[in-house]
Amino acid sequence: MRSTVFSASAVLLALMACSAAYSPRPAQGTLPKDGAGIFQAECALCHGPDGKLGLVGAKDLTVSSLGRDEMISVATFGKGAMTGFKDRLSPAQIELVVDHVRSLRGNP
Ligand code: HEC
């Protein structure tokens with residue numbers, strides 16, 4: 001009896017380990033805690049490490065004229081080819097990354 005309980009929990013643990021390892025998107029908690037780190041992890045793919053890359057029509061963020069609230073809205077809900085990050089980042093993380101984007105312009 002005791003060994004059944006043991007193997008059942010071993011299977012459960014193995015399943016939990018697998019689902020964590022194969023999750024296509026890391027959990028919010030595994031992301032860097034600062035705006036620059038989140039930007040490199042989540043945004044640099046299309047926008048480039050300095051915000052200027054412009055892949056798949058991504059805007060050059062260093063010349064964006066959007067206000068802070070508008071940037072938060074784009075980052076949260078997406079725009080055009082850019083998907084929103086509301087399921088991926090917490091509101092606080094979105095604010096951090098937007099503040100980093102604004103610092104890229106050299107005119108926050
Ligand atoms: C899959 C590629 C992709 C990723 C990843 C991506 N973006 Fe974008 N982003 C785009 C595209 C494409 C546009 C242009 C959308 C349009 O105007 O049609 C854009 C536009 C923007 C704009 C609006 C700029 C303007 O002046 O209109 C902001 C702000 C922005 N992105 C911030 C971010 C942030 C912050 C992240 C990371 C959390 C991010 N993006 C990740 C592709 C991406």
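Residue numbers start at 1 and run along the sequence shown. In listed order, ligands and their atoms are each counted from 1. These numbers come from a predicted model, not from an experiment.
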* What are the protein N, O or S atoms, given as residue plus atom name, that sit under 2.8 Å from atom 8 (Fe) of ligand 1? -> His47 NE2, Met82 SD

* Structure fact -> If you scan protein heavy atoms around atom 29 (C) of ligand 1, the nearest is Met71 CG, 3.6 Å

* Compare every heavy atom of Ala75 with every heavy atom of Ile94, then report the nearest pair and how far apart it is. => CG2-CB, 3.9 Å

* Asked: At what distance is the nearest protein heavy atom to atom 5 (C) of ligand 1, and which residue and atom is it?
  -> Glu42 O, 3.3 Å

* Asked: Between Phe39 and His47, is any pair of side-chain heavy atoms under 4.5 Å apart?
  -> yes

* Asked: Considering only the protein, which heavy-atom contact is closest to atom 26 (O) of ligand 1, and what is its distance?
  -> Ser64 OG, 2.6 Å

* To do: Identify the two heavy atoms, one from Ile38 and one from Pro32, that lie closest to each other, and give their separation to 0.1 Å.
  => CG1-O, 3.3 Å

* To do: Under the side chain to side chain contact (heavy atoms under 4.5 Å, CB included) rule, collect the residues that match up with Asp50, sequence neighbours excluded.
  => Lys52

* **Closest approach of any protein heavy atom to atom 14 (C) of ligand 1, naming residue and atom** => Gly57 O, 3.6 Å

* Measure from the side-chain N and O atoms of Arg105 to the backbone N and O of Ser64, and report whether any donor-acceptor pair falls under 3.5 Å. => yes

* Under a heavy-atom criterion of less than 4.0 Å, does Leu66 contact ligand 1? -> yes

* **Where ligand 1 meets Ala81 - atom numbers and elements under 4.0 angstrom, heavy-atom basis** => 12 (C)

* Asked: Relative to the heavy atoms of Val56, which atoms of ligand 1 are at a distance of less than 4.0 Å?
  -> 12 (C)

* To do: Can you measure from CD (Glu42) to CZ (Arg88) and round to the nearest 0.5 angstrom?
  => 3.5 Å

* Write down the atom of Leu89, the atom of Leu31, and the distance for their closest heavy-atom approach. => CD2-CD1, 3.2 Å

* To do: Heavy atoms only: give me the nearest Val97-Cys43 pair and the separation to one decimal.
  => CG2-SG, 3.9 Å

* Structure fact -> ligand 1 to Gly80, heavy atom cutoff 4.0 Å, flagged ligand atoms 18 (O)

* **Reported CD-to-CG distance for the pair Glu95 and Asp69, which is rounded to 0.5 angstrom** => 9.0 Å

* Any donor and acceptor pair, going by atom type alone, linking the side chain of Ser103 with main-chain N or O of His100 inside 3.5 Å? -> yes

